[in-house]
Enquirer: 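Let me give you the structure first, and then I'll get to my questions.
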Number of protein chains: 2
Amino acid sequence: MVTIKDIAAILQVSPSTVGRALADDRRISAEMKRKVNEAATQVGYVANQAARMMRGVESNLVGLIVPDIRNSFYSTIAHALSRCLLSANYQLTLCETDDDRMLELRHIKELTSVNVAGIILVPSAKPHPDSARFLKMTPHIQLLRKQQLLGEQWFGIDDRRALYESTLHILSEGHRRIAYIGGTEALPTGAARVQGFREAVKTSSHQVDIHEELGAPSSPEFGREAVRRLLSLKERPTALVIGAVQNTSGVIDEIQDQALSVPRDISVVGFGDELGYRWWGPGLTTVQLPVSQLATACGLWFLHHLQNKGDLDTPYSFISPPQLIIRGSTAAPSNPR
Amino acid sequence: MVTIKDIAAILQVSPSTVGRALADDRRISAEMKRKVNEAATQVGYVANQAARMMRGVESNLVGLIVPDIRNSFYSTIAHALSRCLLSANYQLTLCETDDDRMLELRHIKELTSVNVAGIILVPSAKPHPDSARFLKMTPHIQLLRKQQLLGEQWFGIDDRRALYESTLHILSEGHRRIAYIGGTEALPTGAARVQGFREAVKTSSHQVDIHEELGAPSSPEFGREAVRRLLSLKERPTALVIGAVQNTSGVIDEIQDQALSVPRDISVVGFGDELGYRWWGPGLTTVQLPVSQLATACGLWFLHHLQNKGDLDTPYSFISPPQLIIRGSTAAPSNPR
DNA sequence: CTGAAAGCGCTAACAA
DNA sequence: TTGTTAGCGCTTTCAG
C-alpha cells in the first residue's frame, strides 16, 4: 500500500505538505500541488479512509437495509438512492434482512461499527429493542414501513389510501362480494392497507360481503392458497383486492391456472406495478406506488441533514400518494345481485 | 462513542485486557471475559472498524459493481451474493456504473480507498485503463462479462450457447427468415451471443435470410424500434430471436401494440426470464440463465480465496449453461417457403 | 494472567 | 509557504 509518506519521500518534502496538497489547502503553492498530484497518480496513491476516519473525518458510507433486494420495490429504492447519494460522493452499503429481526440487528451493529454516515432502512415487522438502541447512535431514517420504536423520521406511501382507492374502484364497478388478500396487520403497512380496504367498504350504501386473507409473510404461495380458499367458498367473491406486492404474482398465476376468465368470472386489482402486470390477461388493474420518487426525496432529505448536521430526531413524515392504474382486469360483475 | 478505554476505566483494568477479552484471547480468565462482555453490552460498545483496519485487520466489506440494480439479473446476483457473504460475516457494498467507465473507475477507487476485502464486478463495455491498475491492488473477480484487461478470473454464462440453442429451436420449427435483436458486439457478452446466433444459422442446410439489429446500449426503446424497422421490411422475418434482457420487454410490447398474433404472425424467443414473461400472450419462449446459482458459486469461490489468501490471479473461468424454456410464443411459420 | 507502550496513516494545531 | 508533532482506537509485541 502506498501512503502519503511514500510520496513525501519521493518528493523530499514532509508528509503534511503532501497531505495538504492533496486536500487542496490554499496555503500550498500551485507548483507543489502539481508535483504532488502528479506523483500521487504516478504511484497509484489512494487515500486510506480508515486512517481518515480515525481523525474524525466522517465516513462516506450510507447503509441501506431492506428485506430483499430482488423485490422490485427495493431494487428501485436502491437505485434511486445510489444515484442520489453518488452526486454527493456517498456510497451505499446494502443489507438484506429477510424480515428477520436478528439479522436486522446484526446489520445495524455492523453498520455502526464501520461508522456509516447514516442508515436508511425498511424496518422488519417487530424490530429488536437493541436495534433501536444502536440506531440512536447514527443518523437514520425509515422508508416505507414505520416503526415508532426506531425513530420518528419516515418516508412512506399512503398505504391506507392506496387500498381505499382500489377498493372504491371495485365497489363503483358494482361488486358486492369482495375479498382482500394482503399481509399481516403486525406490519404497519399491512395494517394501514386492510384499514383502507375496510373504510372503503364502509362507505358503500349497499350490503357488501367481505373476506379477508391476511398472511404472514406475504408470498406468491400465500396468494395462490388464498385464491384457492376463496374459490372454494359457496359464495365466491366476484372481485379480489390485493394488498401486498409479494402476493400479487401468486394470485394471478393461480387465477390463470384455474382458467378463470378475467374480468368476466372475477375482477382483480393488484398491488404495485411490476413489469409484466400489463401483459397478464387483459392487463392487470393495479395501484402504482411512486417508489422511485419517494426514495429520491428521502435521499435528498437525508443528504441535506447529513451535510448540515441537522438533527434527524424531530418527527417528520413524508407521505407520497399512490395512483390507480386501470387496465382490463376490472369490470362490472357478470351477475350482480 | 464508547471505546475500549471506557470499559477499561469502568472495570479498573488496562485497555489491553479489555481488548483481549473481547477478542476471546485464551490468556484471559473466564471471569474477566464475563465481566468485560457484560460491561460492553451494558454500555453499548461497538468495535471501531476503522481503528482495527489501521492495525492491518482486514475489512469485511466486499464491493459489488453492477450496471443497474433494477435489472433483475443484477438484483438476483446481489441477493445471492449478500446471502453467501453474510454467512462468513462479510458485508456487501453496492455500486452502480450505468455502464459508464468513468463512474466505474470512480467506484473502484472509492472501494480500494475504504480497503474492501475484495471486489466483484460486472465490468462496463470498455473499462478505463486505470480501473485495471487499481483492481490489481485488490482481490477481484468478474461476473457475467469478462474483460481481459481487468483480470483472468471470471464467472459467467455460456452466452454463445444460449443463442445457439434459441436459434436452433427457431430453425427446427422451420423458420427461414429470422431476425436477431441484441446488444453491441463491443460487449463480450453481446459478441458471444451474435456469434451463437450466426453459428446456429450456419448449421442449417436450407438457405436462411437473417437480419441483425445490434444496439448500444440495449434498452426497451431499442427493442421497439428494431421491431418497427423489421416489420417495415418487404420480406418480414417470421421469427425474432432476442439477445439482451433489456431489449426483451420493448420487443414484446411493440409486438403487442402492433396487434400481431403470436406465434401465428411471428415467433419470438426472449432472453432472460423475468417474472411476467409467462403472462405475455401465449407465454414467451425464452432462454433462462442460472444467475442465482452462478452468483452463489462465485461468492463461495471468492470467499474461499479471501479466507485462504489464495491468489486470484491465475486464470479461472466458470461457465454456467443456459436453459431454453419453451412456452407458446414459438411455432412453425404459418406460410413457410 | 495482566499491564505498558508502540505504531498503523492520516489530519490539524503549533512552530518556523 | 512548509515542517514537526501529537493523537484518533485498536492490536500486539514485550515486560511483568
Side-chain angles (χ1 to χ4, degrees), chain A residues 1-37 39-40 43-61 109-117 137-138, chain B residues 1-37 39-40 43-61 89 109-117 134 137-138:
Chain A
M1 172 180 239
V2 35
T3 77
I4 221 169
K5 267 188 187 165
D6 299 323
I7 301 180
I10 293 171
L11 297 175
Q12 305 274 33
V13 293
S14 85
S16 34
T17 304
V18 177
R20 283 197 272 253
L22 291 170
D24 202 23
D25 192 301
R26 63 214 155 96
R27 297 172 301 180
I28 297 291
S29 67
E31 167 66 2
M32 180 57 92
K33 281 181 189 168
R34 199 190 51 68
K35 284 206 292 195
V36 168
N37 280 305
V43 296
Y45 167 82
V46 234
N48 185 336
Q49 280 292 342
R52 274 214 169 135
M53 280 175 41
M54 285 208 47
R55 294 282 338 177
V57 178
E58 251 217 9
S59 147
N60 67 334
L61 236 48
K109 265 190 180 163
E110 197 75 40
L111 291 175
T112 44
S113 149
V114 297
N115 287 304
V116 288
M137 306 163 47
T138 312
Chain B
M1 170 181 244
V2 36
T3 77
I4 220 169
K5 268 189 186 163
D6 299 324
I7 301 181
I10 293 171
L11 298 174
Q12 304 274 32
V13 293
S14 86
S16 29
T17 303
V18 177
R20 281 197 273 254
L22 290 170
D24 201 22
D25 192 300
R26 61 215 157 93
R27 295 172 303 180
I28 297 292
S29 68
E31 168 65 4
M32 180 56 92
K33 281 182 190 169
R34 201 192 49 70
K35 284 204 293 193
V36 168
N37 280 306
V43 296
Y45 167 82
V46 236
N48 184 335
Q49 281 293 342
R52 275 215 167 133
M53 282 176 39
M54 285 207 48
R55 295 284 332 180
V57 177
E58 248 216 9
S59 145
N60 67 335
L61 237 48
N89 246 303
K109 265 190 178 163
E110 197 75 40
L111 290 174
T112 44
S113 147
V114 297
N115 286 303
V116 288
F134 287 112
M137 307 164 46
T138 313

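The structure displayed is predicted, hence computed values, not measured ones. Numbered from 1 within each chain, the chains take letters A, B, ... in sequence-line order.
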Enquirer: Nearest to the side chain of A:M54, which nucleotide is it out of C:dG9, C:dT2, D:dT4?
Expert: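 Shortest atom-to-atom distance from the side chain points to C:dG9.
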Enquirer: Is it the case that the side chain of B:K33 and the backbone of B:V18 share a donor-acceptor pair, with hydrogens and angles ignored and the cut-off at 3.5 Å?
Expert: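 It does not hold such a pair.
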Enquirer: Checking contacts here: which listed nucleotide (D:dT4, C:dA5, C:dC10) is nearest the side-chain heavy atoms of A:S16?
Expert: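 That would be D:dT4.
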Enquirer: Quick one: A:D24 CG to C:dT11 C1', roughly how many Å, whole number?
Expert: 16 Å
Enquirer: Rounded to the Å, how far apart are A:R26 CZ and D:dT1 C1'?
Expert: 13 Å
Enquirer: Using only heavy-atom distances, determine whether the side chains of A:E110 and B:N60 contain a donor-acceptor pair under 3.5 Å.
Expert: yes
Enquirer: Any side-chain to backbone donor/acceptor pair from A:D6 onto A:T3? Under 3.5 Å, distance only.
Expert: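 Side chain of A:D6 to backbone of A:T3, a donor-acceptor pair under 3.5 Å: yes, one is there.
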Enquirer: Could you check how far CG of B:L11 sits from C1' of C:dT2, rounded to whole Å?
Expert: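 Atom-to-atom, B:L11 to C:dT2, this comes out as 13 Å.
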Enquirer: For the pair made of CG in B:N48 and C1' in D:dG7, what is the distance, rounded to whole Å?
Expert: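 Atom-to-atom, B:N48 to D:dG7, this comes out as 14 Å.
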Enquirer: Take atom CD of B:Q49 and atom C1' of D:dT11, then tell me their distance rounded to the nearest Å.
Expert: 13 Å
Enquirer: With respect to the side chain of A:V57, which nucleotide from C:dT2, D:dT2, C:dT11 is positioned closest?
Expert: C:dT11
Enquirer: Indicate yes or no: at least one non-hydrogen side-chain atom of A:R52 is less than 4.5 angstrom from one of A:R55.
Expert: no
Enquirer: Output the single nucleotide from C:dG3, D:dC10, C:dC14 whose closest atom is nearest the side chain of B:I4.
Expert: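 The nucleotide sitting nearest to the side chain is D:dC10.
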Enquirer: Would a distance-only check, ignoring hydrogens and angles, find a side-chain to backbone donor-acceptor pair under 3.5 Å from B:N115 to B:S59?
Expert: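 No; zero donor-acceptor contacts below 3.5 Å.
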Enquirer: The side chain of B:T17 is closest to which nucleotide in this list: D:dT11, C:dG3, C:dC14?
Expert: C:dG3
Enquirer: Remember a base hit wins even if backbone is also touched, and classify A:S29 as base, sugar-phosphate or nothing at under 4.0 Å, heavy atoms.
Expert: sugar-phosphate
Enquirer: Which nucleotide sits closest to the side chain of A:K5: D:dA6, C:dC8, D:dT2?
Expert: C:dC8
Enquirer: Could you tell me how far apart B:R55 (CZ) and C:dA5 (C1') are, to the nearest whole angstrom?
Expert: 11 Å
Enquirer: Please determine, for the side chain of B:R20, which listed nucleotide (C:dG9, D:dG3, C:dG3) has the closest atom?
Expert: C:dG3
Enquirer: Does B:G56 or B:V18 map to a spot on DNA chain C nearer the 5' end, using the closest nucleotide for each?
Expert: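 Per heavy-atom nearest nucleotide, the more 5' residue is B:V18.
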Enquirer: Remember a base hit wins even if backbone is also touched, and classify B:R52 as base, sugar-phosphate or nothing at under 4.0 Å, heavy atoms.
Expert: sugar-phosphate
Enquirer: From CG of A:D25 over to P of C:dA12, roughly how many Å is that when rounded to an integer?
Expert: 9 Å
Enquirer: Using whole Å, what does the distance between atom P of nucleotide D:dG7 and atom CE of A:M53 come to?
Expert: 21 Å
Enquirer: For the side chain of B:V13, starting at C-beta, report the closest nucleotide among D:dT2, C:dG3, D:dT11.
Expert: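 Comparing D:dT2, C:dG3, D:dT11 against the side chain of B:V13, the answer is C:dG3.
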